[in-house]
Structures are given as C-alpha cells and as structure tokens.
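A short worksheet on the structure shown next.
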Amino acid sequence: MDFTRPAPPSGRALRSYFLISALICAAICAVILITLLGQTGPVLSHNPASLFGTVWNPNLGQYGIIPMLYGSIVVMVIAMAIALPLGVLTAIYIAETRSARLRGIIKSALEVLAGIPSIVYGLIGVAYISVWVAKGLDLQTGRLILTAGLILAVMILPTILTLTEDAISNVPVIQRENARALGLYRHEVILDVVLPHARRDILAAGLLALGRALGETMAVMLVIGSLDRLPSPIFNVLSSGQTITSKLGRELGESAFGSAHFSALVLMGLILVLITLTLTGAAQWLINRRPNGVEAIYD
Amino acid sequence: MISRAAKEHIFAAATRAALGLSVCILAFLLGAIIVRGAQAISLDFLFMPSRDFGSRGGISYQIFGSLLIVLTAGLIAAPLALGASVYRSEYIKNTAAQRLFDLALYGLNGVPSIIFGLFGLILFVNIFGTGLSWFVGAVILAIMMLPTACMATISAMRGIDTPYRENAYALGLTREQTALRIIIPQSLHGLVTGLLIGLARAIGETAPIMFIATAFSGAGVPSSLAEPVATLPTHILALAQQAADPAALQNAWGASFTLIALVAMFSLAAFFARARLLPLSQR
Amino acid sequence: MPQSQHLKLVSSAPHHVAISLENFGVWFGDSCILSGVNAHLPKRGVTVLVGPSGAGKSTLLRALNRISDDMAGLSIQGRAYFEGCEIYAKDCDVTKLRARIGMVFQKPCVFPRSIAQNVLFGLRGVKLSQAQKHDIVEQALRGAALWNDVHARLGERADTLSMGQQQRLCIARALALKPDVLLMDEPTASVDPVSARTIEALMRDLGRTIPVLTVTHNLAQAKRIADHVLFLCEGQLVEAGDAAHMFSNAALPKTQTYLCDEFCEC
C-alpha cells in the first residue's frame, strides 16, 4: 500500500497562505527599522557632528538632537516619578480592600480610561492642565515640560494601576495568611511578602508604562510648547521644551522628503524605536525570567 | 526609631491618600469628558458636515472617515492575523523559532504610534508615490492591529486541547484540513475579540495617520483609494490647536465624546463576541 | 438561632484553660458555619477537632487567631477568650494576638528566602545579635525536628526543601515566636506518610509544653495523638472530652458511630 500520498493542491495553497501571513507578521518590525535606516543617509553624510549638538536650526544645517532627547527623558522621568508611587500605593489599597464593590467600580473605570485615545488626553491637557499650571504658578504660558510630564503621568496611571493590581492580586492568599499568622502588621505583610512576590510583574508594568510614555505623541505635542532648546538652567522644568515624538509630530509634515532635515527627523525616530524596543524586550525578559538565588543567610 | 504600630498607621494613611488622589483624577477625567461632551452633542452635530475649519457645523464626514479607515484596516488585518496564527500555533514546533516569532510580535506591539506614521510616510506616500491616501492609512492601522489580533488568536489556539488534534490526525486529516476544520472554527472567538480590541485602539490613533491619510478640512467621501479623508482624531487635533476659540473647543469636546463612544462600542462588541463565540467545549 | 448546648467541659478550672469559647458562632453572610459552641482548650496536651467535612472545624480554628478577618461577610457571635482576654474585643491588638497564637496551615508555605530567614520571619521589633539569631534558629529548628536535616544549609532557599521539610519549617517558624498556643489545620494532609509520622510525634512532644489544637480528617491519626477530642458536626459542637473516654464510651450515640465507624448520623 502506498502511504506517500501527495498533498492536494488546495492543501498546498492553504499552507502557503499560512506561511506567507506568518512571514509578513514576523518581518514587518524589521521592515520598519530598515525603512527608517535607509532614510538616515542625508544627515549622516551632511553634518553628522551637529547631531550631538544642542542647536536645532535646519536653515543653518544644524540638527542637534540633544534637546529633544533630553525633553523625552525628563518628561518620562516626571511622569514615572508621579505615576509609579501613586499607582502602586493605590493598587495596594484596591488589592487589599475588603470592599468588592469599590474594587469593581475602580477596575471598570480604569478599563474605560485605558481606552481613551491619547488625542483626548491632549485636549484635556490644553483645556485644563496647562491652564491650571499657568494660573497656579503665575506664568505666561502653561505649555511646559512639567505640564507634559503631568499629562503623561495621568495617561500611564491606568496602565500601572491595572497591571500592578493584577500582580498584587495574583500573590497567593496562602502567602499572606502565613505572614499574618506570624503576627505581621498589614504593611509588613505587603512590603515583605506581597511586593517581593509581585516585584517582577510590577517592574514589567513599569517598563511597559515607560515605553508608552516615551512613545506618546499627541498629548505631549499639544502641551509641551515646542521649543527646540535645552532649558536654562538645565533642570528648569517650568520652561517649554520638545520631545522626540512632539518634534516628529510637528515637523514631519513640513520637511521635504530626502532632505537632511527629514533624515535628521528619521534618525530621531530610529533612536526612539530602539529605546522603546529595548524597554519592551526587558519587560518581556523580566516576566519570563526565573527567580534568582539568595545571598545572605540572615537579613 | 518609629514603632511598628506607628509605621502601620503611616502606611495606611499613605495608601488611603493615594487612593483618594487617584479617584479624584479618574473622576475628573471621566467627568470632564462626559459633561463637556454632552453639552456639545446633538443630532445636528453628528449628522452635519463641518464648516469654518471645524469650529462650526458637525462631524458627519469625520465619523464616516474614521469608520472607513478602521473597518478597512480590520478587513486587511483579519486574514493576515488568522493565517499567521495558524502557522505559529500548528506549524512552528521549534521553541527557538516560536520565541523569535513572539519577539517580533511583541516588538511590533512596542513600536510607538508616530513611528508607524513615519514608516507609512516614507514607504507608501513617498517611495511608492501614493500621496495622501485613506487606504494607506488603513494598511498602516492594519499593521498596528496585527500584534493584538495575533496574540488573541494564538492564545485561543493554545486553549484547544491536544486530543482534538490527535483525533483529527487519527482520522487521516492532513495538517491543513485539521487547521481548517478544527483549529480555525475553535479559535474564531480569539480572532474576533482580538480584532475588535485592535479596532477600538486603532480608531483613536492620530499620529500614524495624520501625515499619510487625512486632510484637516474639505475632505468628503473619497472617490478612489488614493484620496485623503477627514477623521475624528485629526479633527480633534486641529480644533485643540484653536483652543482659544470657545466654539472650536466645544466642537473638540463633542468630537472627543463621539470618538470615545465609538471606542466603547468596539470594546463592548469585543466583550460580547468573547462570550458568544466561545466554543461549547471551552465554556 | 440554634439552641446552645451545655456540654461537659474539658477542664473547668480556669487556670488550666488557654482558650475558652462561650456560645461562639461564625457566619459568612447569611450562612451559619458555626453556632453555639461552648468549649475550653486545656493548657497542656493535644486537642483534636474531628468531624465530617463541612462541620466547621477549620472555620473554628481560623477564627481563634482571627486569620479570616479580611473575608467579606464574616461575622462573629458569642465570645472567645484567650488567656482571659476577649479575642474579638474592639481593643484587641490582632497582630500581638497572632504572634502569641502560632498557626500551621494545611499546605506548607515558605517564603522565597533562606531557611534561616524563614525561621526568623515573624520576629519583628526586637534587635537581635547574629549569635542570638543563630540560637533562635537552632532552637526552633530542633523543636520542629528539622535541625539535623538542614543545619548545614541554613542559607539555602527554603523552597528547595521537600514538602515534609517545608511543613516542619512552617512549624519552626511558628515556634520561633514562642507561642502560647499552636493551631494546626490538617498539618499532615499534604505531606508524605513518613513526614506525617514525624509531625505526629512532634505534635505529641509540643503538647507536653503548650496546648496544641489540631484539625484532622484521619480518625486513626486522631487516636494516635489526641489527649482531648472535640467532635463537631454541622456547625455544632456535639461532644467534647478526654480522648480515652471519647473513643471508648462517648455519651452520645452519634459521637460513638462517628468515632468508631466513621459514619455520621447528624
């Protein structure tokens, strides 16, 4: 009997359809990177030294990306400094509360908020937060690095809260009960048992939020004031600024394709992708990593 | 040194304060959107075209444009996500290859939205010379939806018990027949849910489409694939930049409210699709 | 309200009593888990809670150190006293109460730290020198019959131990606090038979110095370890007494059928 039956043509067609779809999905990320890389030529051949400068002036051929890089990082740091402690403390309260109703209400409110498009956060930033900042600090404009950080903090709060609350709730009840049975206070149970148990997931949540904060365009672009200069003094977050994303959002439409100006923008985009991909990769690695050993015998 | 009991009180106060602040922020956001949006919404607003760069009139073409782009994106993404998921879950058996595929998906999921816009601007608008085109926008949004749709479908396929496959093979079905008859019907709920969640996200995106697919004013119903349309997110962007004009701001809130209602519609659809389409064997 | 039952007390002299219950009841929402329990836990010996599944044995045990306090819908009736103080009094410091009432659960649960750190986990608010720490660890581990197994690897992660060893580590962890009572909720249910016998012997030893209150489903085990027996059924305390008395000639026929034939008539 012959078992080597050839696959029917329809089977072969189906198989190639599966394969081609898979190849497309797997390759797009690389295609994006290569496409961007292919457009960085003009600025690299034109005036690469100016890239590391602090002056952005396309008319003079100066494409210093430092102010944008600085803006992205500072805005991200402000957002995380507010949202991470606030999110984790709130998540602790929600996860440890006895009220199932409070928990349900907050969880569903968070799901609604996570679905709000970033442009709407931008609108809220323009209509409320920047106005409040300007009034509260008695400034001419509320479109500042600080404002961008605040609106980003609000944006990533739902992400951090939801993921951290999941991480804390996933810590087995038996761990808490054992700690409580030893006469530990609630805060000791949380700090010494629950958080260490959930720390990898919380860290991953933080990294995902970080990536989101770095890549966010619309909300930041509307409230940061678009000033391509380093603030002076350097840590003055009450000055206008620019992030990589807001720069791209503002200028991509105005620069000519193939020009040094355009390619400088693409280069910034490339840097942004590489940073966010690293963060995403680190978050995935953290989630998959195995626990490590113990160093000290006693505390 | 602070006593343990005192630390307990400080910690409790800190979490309570954090909860209070978070709840205030959440309430403010929802309140602002609902109150300001409800003031701006009317039947006229929803069904009239806009005038004076959007500060007067309604948002009918913006709603149409947004739905046109994302629904087309969904149609493009669906077959790709389905095929890729079948291949990932039924054909790739090598762990390293599986990891690589997953990494590529997670990577794509982590790419910032503005980069998709940049990518589309370079590859389609300039290198392929399409110019501003709503269809290019749909292709880009389809790419953005792929990771979500694929991950949901793959995890649904992972939920199918091995005996189903073994029984199919034992009956002499080929791998392709098994995929077609067993795997795909049993994991359809994952695909539909993933696509709807992807749609809910895609409809709110501004940065990927603002350079490649949209016009801020004057766009109507396109007569070809290579024409721009108006969309809700880019409309809100244009209005937010005229925030000094109260009429423009009012329309921006109305458009935001409408946009969020559409997002909620897709999310709810995802929720119900999950419940309705789950195969009996997994209920 | 179920009628409260007046039973012969295990030991009526107050200074022999560690924990006493007066008309004690536990409710979760609308369902009554336990009601009208009057009992005294003597200061020495192993007291075994027996009864069919769902009798409320674990609920009673978990109510004594208020470990279930966070569960939604929990309400307590009657009174429970520990060393003369009311356990559910408003001004009772739950943390201190739990530190004095040790508890061992059905499933061993060690913290992802070293063996020594696990033993010292409950010792808070006191400064200890390295030598003192070592003494406490050694004493507790010896008390839990685990010292010989692990003394050479105190710095290793506790989750590398076998299930039976982990359960004994949980006992050592409770002993490090020098508890006045030890509650054990089916401590041998998830360990191998050899470890189970070790833990049984351990319970007998511990019972000589502190009161041990334990739950078991295994009547043979109850016979081996019990000094006193409390028989619970459907949330009621049916009968209580000395082990010898309860197993040979219990007063009530349903106690006799359960303890002799493992068949419950209630």
Side-chain angles (χ1 to χ4, degrees), chain A residues 91-107 165 167-204 286-299, chain C residues 62 64-74 93-125 128-130 132-134 136-137 153-160 170 173-174 176-177 179 182-183 185:
Chain A
I92 288 172
Y93 189 98
I94 301 173
E96 302 287 324
T97 181
R98 273 186 256 178
S99 160
R101 236 179 84 214
L102 173 76
R103 194 160 169 232
I105 292 172
I106 294 185
K107 286 285 249 185
E165 205 273 331
I168 293 176
S169 298
N170 282 340
V171 175
V173 180
I174 179 171
Q175 290 259 343
R176 295 161 207 260
E177 282 190 345
N178 271 271
R180 236 182 272 144
L182 289 170
L184 266 64
Y185 278 103
R186 210 171 257 273
H187 76 274
E188 291 167 335
V189 176
I190 292 164
L191 297 177
D192 291 347
V193 176
V194 175
L195 289 188
H197 205 277
R199 72 169 189 280
R200 218 168 292 131
D201 288 345
I202 295 174
L203 209 59
L286 267 177
I287 292 170
N288 296 331
R289 200 172 59 140
R290 293 161 58 105
N292 48 1
V294 173
E295 297 85 26
I297 297 185
Y298 302 109
D299 286 301
Chain C
R62 292 167 58 90
L64 295 181
N65 70 343
R66 297 184 58 174
I67 202 78
S68 302
D69 269 15
D70 279 356
M71 291 193 174
L74 174 91
D93 185 336
V94 187
T95 312
K96 279 192 189 124
L97 176 81
R98 288 179 188 148
R100 291 183 61 194
I101 303 182
M103 187 163 203
V104 176
F105 294 79
Q106 186 173 354
K107 260 198 185 150
C109 169
V110 298
F111 301 111
R113 295 158 182 252
S114 76
I115 293 169
Q117 282 169 335
N118 263 278
V119 176
L120 295 169
F121 203 78
L123 284 163
R124 307 268 162 159
L128 294 170
S129 70
Q130 208 72 341
Q132 283 171 313
K133 282 182 183 175
H134 189 86
I136 293 171
V137 169
R153 47 181 181 133
L154 295 176
E156 276 178 38
R157 272 179 76 111
D159 39 20
T160 58
C170 290
R173 202 166 59 190
L177 290 167
L182 195 57
L183 308 177
D185 190 356

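First the proteins, then the strands, lettered A, B, ... as listed; each starts at 1. Predicted, not measured: the structure shown is a model, and the values here were computed from it.
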Atom of Leu74(C), atom of Ser68(C) and distance for their closest heavy-atom approach =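 Looks like CD2-O, 3.7 Å.
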
What residues form a side-chain contact (heavy atoms from CB on, under 4.5 Å) with Leu102(A), not counting sequence neighbours?
->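 Checked Leu102(A) against side-chain contact (heavy atoms from CB on, under 4.5 Å); matches are Tyr93(A), Thr97(A), Ser99(A), Ile106(A), Leu19(B).
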
Does some side-chain heavy atom of Arg124(C) sit less than 4.5 Å from a side-chain heavy atom of Asp192(A)?
->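 In short, these two side chains touch, coming nearer than 4.5 Å.
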
Can you check whether anything in residues 168-177 of chain A gets within less than 4.5 Å of chain C, heavy-atom wise, and list it by number?
->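 Residues Ile174(A), Gln175(A), Glu177(A) are the ones that qualify, each having a heavy atom under 4.5 Å from chain C.
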
Give every donor-acceptor pair under 3.5 Å between a side-chain atom in residues 99-110 of chain C and any protein atom, sequence neighbours left out.
| residue | atom | partner | partner atom | Å |
| --- | --- | --- | --- | --- |
| Arg100(C) | NE | Asp180(C) | OD2 | 2.7 |
| Arg100(C) | NH2 | Glu83(C) | OE1 | 3.2 |
| Arg100(C) | NH2 | Asp180(C) | OD2 | 2.7 |

Results of salt bridge (Lys or Arg N to Asp or Glu O under 4.0 Å) for Lys96(C) - residues two or more places apart only =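 Lys96(C) satisfies salt bridge (Lys or Arg N to Asp or Glu O under 4.0 Å) with Asp93(C) only.
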
Does Ile67(C) offer a backbone N or O that forms a donor-acceptor pair with the side chain of Arg62(C) under 3.5 Å?
->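 Looks like no, no N/O pair under 3.5 Å.
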
Contact part of Leu177(C) toward chain A, heavy-atom cut-off under 4.5 Å: side chain, backbone, both or neither?
->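 For Leu177(C), the contact with chain A is made by the side chain alone.
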
